[in-house]
Enquirer: 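Here it is, the structure, as structure tokens.
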Number of protein chains: 2
Amino acid sequence: MARLDESLLTGLPPFSRLERSQIRAILDQATSRRYDEGTAVFREGMPAERFYLLLDGTIRVVRTTETGEQVIALHIPPGQLFGIAPAIGRDSYPASAICAAECLALSWPVRLWSGFSAAYDGFATESYKTLGGRLGEFQARVTDLATKAVEQRVASALLRMVNQSGRKVEGGIEIAFPITRANISEMTGTTLHTVSRLLSAWEKQGIVRSTRKHITVTEPHQLVLLSGAAG
Amino acid sequence: MARLDESLLTGLPPFSRLERSQIRAILDQATSRRYDEGTAVFREGMPAERFYLLLDGTIRVVRTTETGEQVIALHIPPGQLFGIAPAIGRDSYPASAICAAECLALSWPVRLWSGFSAAYDGFATESYKTLGGRLGEFQARVTDLATKAVEQRVASALLRMVNQSGRKVEGGIEIAFPITRANISEMTGTTLHTVSRLLSAWEKQGIVRSTRKHITVTEPHQLVLLSGAAG
DNA sequence: CGCGTTCTTTGCTCTTCCGCAACCTTGGAG
DNA sequence: CTCCAAGGTTGCGGAAGAGCAAAGAACGCG
């Protein structure tokens, strides 16, 4: 395998305070791998043997209920750690990590986690910040699901994805990974039918534009209004 | 203030691996305080200046939406840390902590957090486990809200409270803190009317018994069935 | 002991959104 | 080029549950 370049990690929060030589040491212990769209990096319930850093692509964190329904808990953008069960004392993954697009990720065996935390200044702190951010996001999700109507939730979900992984294109901002109506319904606790109806209506009003598996938001401000001003 | 006894902390996860003398040192830096039912220990958005350990009572973790609705994120039972924003790199509290019943809590200034983590074996690990548990609980909440019907969610919520803070009484298990129909609706994303109707129906079927602000579950198994077998 | 506040119950109406069904479109595989 | 699977659209009931209204308990305070 090609030797990995230090610049991959430079500037990413968990490694931002480290020397070049330290980053080198970390990289030399990493395994790098490419995953096709739709592949599972790991699945819910599997023993947590490695933790990961997403270099490119988008990870969809998914839980499946006993009745077989899927719920999308989270999308992870490039540059973030994922599968960090060891950080919270779990020995199995609480959800599955599916590649929403082609992905490139590094990984390390979990036994290195405590060593990294101890040896590298800022690694633990920054990782826990990531965790804190996710906790906050979940809290926001719960609040949304508990208080907002479907239309507002779908608008919020679109905005969240646009903010986190939006790519500027002519006439708007496009969500940078493939996403279906069904996916959105799994994020918002509704049905693909309702999502389709909403998107059709918004398209007629000129708020969004969409093709198969891709959505571009042309009037973010209108969506903010529809979302009940929370994001 | 009366000197606190070491036995208060012995056996609680964050302190379980510590020597008596270490616990003594921790206690000597703690402030102990009693709070009346309904009091806020801290409020959403306030600068996070202290972290807390609940010795007795129950804390209700509440978020308020822009439209003034309340959502109950979590109940915290005695023996757990709360207000641990510093652990996840936040400098303000993300939610309010309200006493569901009369409470007794210890607290420390946040600046001691990193010292505790460094000096006391297991403190950080165990605290992050608590955090992990909460993350898991949120994930379960999101799944519930996204996929289950109202009746199932209310049944789940009752079961969760019974499991976490149930007190055995004759003919069933009582939720150990005062709780109203409105509270339950804020936990499950419904209205107090619907909750009242459900409880009435269940009371007729002999599954629960309730008086003002108190609920006893007499047939937990029936509730498990109603909840769609998830808890 | 009376009064007001807080909590609870229950009926009715009305809206939202789900479930079902049918059909259309797009893109990839062979 | 054709076919097929995956994704998307749209119409139409029907049911779940929200919203509104009104009244009845329980408790706590003066």
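Here the structure is a predicted model, which is why all the values come from computation and not from measurement. Each chain gets a letter, A, B and so on, in the order the sequences are listed, and its residues count up from 1.
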Enquirer: By nearest atom, which of the nucleotides D:dT9, C:dC17, C:dT8 is closest to the A:Arg181 side chain?
Expert: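 Comparing D:dT9, C:dC17, C:dT8 against the side chain of A:Arg181, the answer is D:dT9.
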Enquirer: Can the ring centres of A:Phe42 and A:Tyr52 be said to be less than 6.0 Å apart?
Expert: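 Close enough - the centres of the two rings lie under 6.0 Å apart.
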Enquirer: Could you tell me whether the side chain of B:His193 has a donor or acceptor atom within less than 3.5 Å of a complementary atom in the base of C:dT10?
Expert: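 Such a pair is found, so the answer is yes.
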Enquirer: Are B:Thr190 and D:dA18 close enough that a side-chain N or O sits under 4.0 Å from OP1 or OP2?
Expert: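 The answer is yes; a side-chain N or O of B:Thr190 sits under 4.0 Å from OP1 or OP2.
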Enquirer: For DNA chain D, whose closest nucleotide is more 5', that of B:Ala149 or that of A:Ser200?
Expert: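 So the residue in question is A:Ser200.
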Enquirer: Is the closest side-chain donor-acceptor distance between A:Asp36 and A:Thr39 under 3.5 Å?
Expert: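 No pair is found: no donor N or O on one side chain lies under 3.5 Å from an acceptor on the other.
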Enquirer: Could you tell me how far apart B:Glu37 (CD) and D:dC27 (P) are, to the nearest whole angstrom?
Expert: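 After rounding, the reported distance stands at 13 Å.
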Enquirer: Measure from the side chain of A:Arg212, starting at C-beta and using heavy atoms only, and say which of C:dG11, D:dT9, C:dG27 lies closest.
Expert: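 Given the options C:dG11, D:dT9, C:dG27, the side chain of A:Arg212 is closest to C:dG27.
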Enquirer: Specify the separation, in whole Å, of atom CD of B:Glu203 and atom C1' of C:dT8.
Expert: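 After rounding, the gap between these two atoms is 11 Å.
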Enquirer: Once you round it to whole Å, what is the distance between P of D:dA26 and NE2 of B:His214?
Expert: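 Between P of D:dA26 and NE2 of B:His214: 14 Å.
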Enquirer: What I want to check is whether the side chains of A:Thr191 and A:Thr194 have a donor and an acceptor closer together than 3.5 Å.
Expert: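 A donor-acceptor contact under 3.5 Å links the two side chains.
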Enquirer: Reckon A:Thr194 has a side-chain N or O less than 4.0 Å from the OP1 or OP2 of C:dC18?
Expert: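 Answer yes for this pair, as a side-chain N or O of A:Thr194 is under 4.0 Å from OP1 or OP2.
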Enquirer: Take atom NZ of B:Lys213 and atom P of C:dT6, then tell me their distance rounded to the nearest Å.
Expert: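 After rounding, the gap between these two atoms is 10 Å.
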Enquirer: Counting distance alone, no hydrogens or angles: does the base of D:dG17 have a donor or acceptor under 3.5 Å from a partner atom on the side chain of B:Arg153?
Expert: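 Answer is no: no donor-acceptor pair is held.
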Enquirer: I need the CG-P distance between A:Leu199 and D:dT9, as an integer number of Å.
Expert: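 So the CG-P distance, A:Leu199 to D:dT9, works out to 7 Å.
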Enquirer: What about the rings of A:His75 and A:Phe177, do their centers lie closer together than 6.0 Å?
Expert: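 Yes - the distance between ring centres of A:His75 and A:Phe177 falls below the 6.0 Å cut-off.
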Enquirer: Rounded off to whole Å, could you give me the CD-to-P distance for the B:Gln152 and C:dC18 pair?
Expert: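 Value for this atom pair: 15 Å.
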Enquirer: Is any side-chain N or O of B:Ser196 closer than 4.0 Å to OP1 or OP2 of C:dT8?
Expert: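 For C:dT8, neither OP1 nor OP2 has a side-chain N or O of B:Ser196 closer than 4.0 Å.
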Enquirer: Between A:Thr191 and C:dC18, does any side-chain N or O lie under 4.0 Å from OP1 or OP2?
Expert: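 Indeed, a polar side-chain atom of A:Thr191 lies that close.
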Enquirer: Salt bridge check, B:Lys213 against B:Glu37: does any charged N sit closer than 4.0 Å to a carboxylate O?
Expert: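 B:Lys213 and B:Glu37: salt-bridged.
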Enquirer: For A:Arg209 and D:dG8, what is the distance between atoms CZ and P respectively, to the nearest whole Å?
Expert: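 Value for this atom pair: 17 Å.
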Enquirer: For B:Ile179 and C:dC7, what is the distance between atoms CD1 and P respectively, to the nearest whole Å?
Expert: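 Value for this atom pair: 12 Å.
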Enquirer: Could you check which of D:dC12, C:dT9, D:dG7 has an atom nearest any side-chain atom of A:Arg197?
Expert: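 For A:Arg197, the side-chain atoms sit closest to D:dC12.
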